[in-house]
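What follows is a short report on a single structure.
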There are 2 protein chains.
Amino acid sequence: MSRVVLPHTAIPKYYQLATILQGKIEAGEWAPRSPIPSERQLETIYNVSRPTIRQSIEYLITQGLLYREHGRGTFVSPEKLQKGLRELTSFSEDLLARGMRPGQVIRSIERTVPPDSVLQRLELPPGSPVTRIDRIRLGDGAPIGLQVSYISLSPSQEITVQDMERAGSLYRILEEKFNLIPTEADETLEVALANREEASLLEINEGSPLLLSERLTFSQDRRPVEFVRILYRGDRYRYYTRLKR
Amino acid sequence: MSRVVLPHTAIPKYYQLATILQGKIEAGEWAPRSPIPSERQLETIYNVSRPTIRQSIEYLITQGLLYREHGRGTFVSPEKLQKGLRELTSFSEDLLARGMRPGQVIRSIERTVPPDSVLQRLELPPGSPVTRIDRIRLGDGAPIGLQVSYISLSPSQEITVQDMERAGSLYRILEEKFNLIPTEADETLEVALANREEASLLEINEGSPLLLSERLTFSQDRRPVEFVRILYRGDRYRYYTRLKR
DNA sequence: TGGACTAGCTGGTAATGACCACTTAACCAC
DNA sequence: GTGGTTAAGTGGTCATTACCAGCTAGTCCA
């Protein structure tokens, strides 16, 4: 006989504990900047070993919920810092987090050979076709950005408008359909001025200032999967990030 | 007798091991995307226990040098991703990392009461004086940004032009003189247009596009210590960041 | 009164042992 | 050949035990 499968049914203890602690923090049971019980206390309270406790705490520290001071204790982060690092998110998640209603107009989905500069970034040989998605992004119904994505897929891997409408997010399609999980990305930001076409699509004047974002996204095996260029309306978009060291 | 002091003389094993591994990676001994020895192998090679091995590897993963795949192994990151997360750095460090020669013109250092919006961000009561430093930032000798810092210091804590010239970096002064270690920051970026004064100082035309960065920096105990506003010349500055999830 | 010491907290590092979950490739039966 | 099984490798989780290092408050002595 082989082993019973039951994958994922057993949630790791450290994760369960982290969830409990997170609950107490978010419920306000432990005030910001106040210490949580010491690791030895948590050991007896929850009847788990100290390494497990520490693993939970380290997880919550990376999430930005806690911080440690050697010799003093472990403390709850002030609320402003509890949002965690700037995370790799899709446009939809990003906008939702800002309290805006995301939307999009898909202008085209096609197989095409992109400029060489894009192929180099995607580490593909010259002449390779990729999937190109051209969209207008909406915030609360009004244009907020122009987005062009180049996705490194084989000819047999196809994305349809139906996929996009069903999943709602490109990243969900990549994960569920192709097992490509975006885990890391390089992003640059600079200012640009709207040309006539961009101005028209964004419903602003020609020459208006824009925020230009270029992002190269890597999957779980650290291969580039997507290069995306977004032109944001300067008057409707601010970029937010959290830095740590 | 009390204990012999010798603090810091013993570098942790996991850190020593991490340094060794990092050396091998940077020397090209292990190629990008190729697996490093398994944790059990490293255990015998270096004669340290597996938890310590894992701690070393986890450290190098946060640094962006390695990544793991469950059931397959631990791999060297492709070179492009080895630079690690966007880190909380001073302007000087930032520019050096870009291969430019940083410089500055200190326009003023003074004790003053800043606008209420700044005091709120610094979590100080209305009317509180703070230290304000107004600088022109130079890249390779030419203006690249206008920077105004508001630093939350008590009246007895003074920063002088001499301090600035000696230490070279505000963050070094905060660390060495006041034991305030910047560990985390919130930053927003948006576009702006140069007014007459800004244009003159940056040696550009009025109305030229600028990148506006506003940053609130927190010290090791998660209290706000500095609010800084930087106006970058749009034609000379790109913002770079690394995202993970 | 004031400063040094110290005890008892805190988190930080480390070794040992065990078992689970995932991946791969070799194997074997069909 | 094809397809399922299996074994051996990988990282992932967890308990136990021990000691080190930084911080703080109380104590004790000058």
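Owing to the predicted nature of the structure, the values given are computational and were not obtained by experimental measurement. Numbers restart at 1 for each chain; the letters A, B, ... are given by sequence-line order, proteins then strands.
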Pairing donors with acceptors under 3.5 angstrom, does anything connect the side chains of Gln22(A) and Thr19(A)?
no

d(CD, Glu69(B); C1', dC22(C)) in whole Å:
11 Å

Under a 3.5 Å distance rule, please check whether Thr183(A) uses its side chain to pair with a backbone N or O of Ser219(A) as donor and acceptor.
yes

If you measure only the distance, is there a donor-acceptor pair under 3.5 Å linking the side chains of Glu226(B) and Tyr171(B)?
yes

d(OH, Tyr14(A); P, dC14(D)) in whole Å
8 Å

Within the distance-only criterion (no hydrogens, no angle test), does the side chain of Thr188(A) pair as donor or acceptor with the backbone N or O of Tyr240(B) below 3.5 angstrom?
no

Drop me the distance from Leu17(B)'s CG to Ile11(B)'s CD1, to the nearest 0.5 angstrom.
13.0 Å

Can you tell me the distance, in whole Å, between the CD1 atom of Ile181(A) and the P atom of dC22(C)?
13 Å

Donor-acceptor pair between Glu187(B) and Ser213(B) side chains, under 3.5 angstrom:
yes

So if I take residues 45-59 of chain B and measure heavy-atom distances to DNA chain D, which residues fall below 4.0 Å?
Arg50(B), Arg54(B)

Under 3.5 Å, is there a donor-acceptor pair between the side chain of Gln41(A) and the main chain of Ser38(A)?
yes

Side chain of Arg33(B), backbone of Arg222(A): donor and acceptor closer than 3.5 Å?
yes

In whole angstrom, what separates Ile11(A)'s CD1 from dC14(D)'s P?
11 Å

Compare side-chain N and O positions of Lys13(A) against OP1 and OP2 of dA15(D) and report whether any pair is under 4.0 Å apart.
yes

Does the side chain of Arg72(A) get closer than 4.0 angstrom to OP1 or OP2 of dG11(C) through an N or O atom?
no

Could you state the NE2-C1' distance from His70(B) to dC19(C), rounded to the nearest angstrom?
12 Å

Can you list, by residue number, the residues of residues 30-43 of chain A that have a non-hydrogen atom closer than 4.0 angstrom to DNA chain C?
Ser38(A), Glu39(A), Arg40(A), Gln41(A)

Is it the case that the side chain of Gln220(A) and the backbone of Asn179(A) share a donor-acceptor pair, with hydrogens and angles ignored and the cut-off at 3.5 Å?
yes

For dG12(C) and Arg68(A) - does any side-chain N or O of the residue sit under 4.0 Å from the phosphate oxygens OP1/OP2?
yes

Can you tell me how far P of dT10(D) sits from OH of Tyr67(B), to the nearest Å?
17 Å

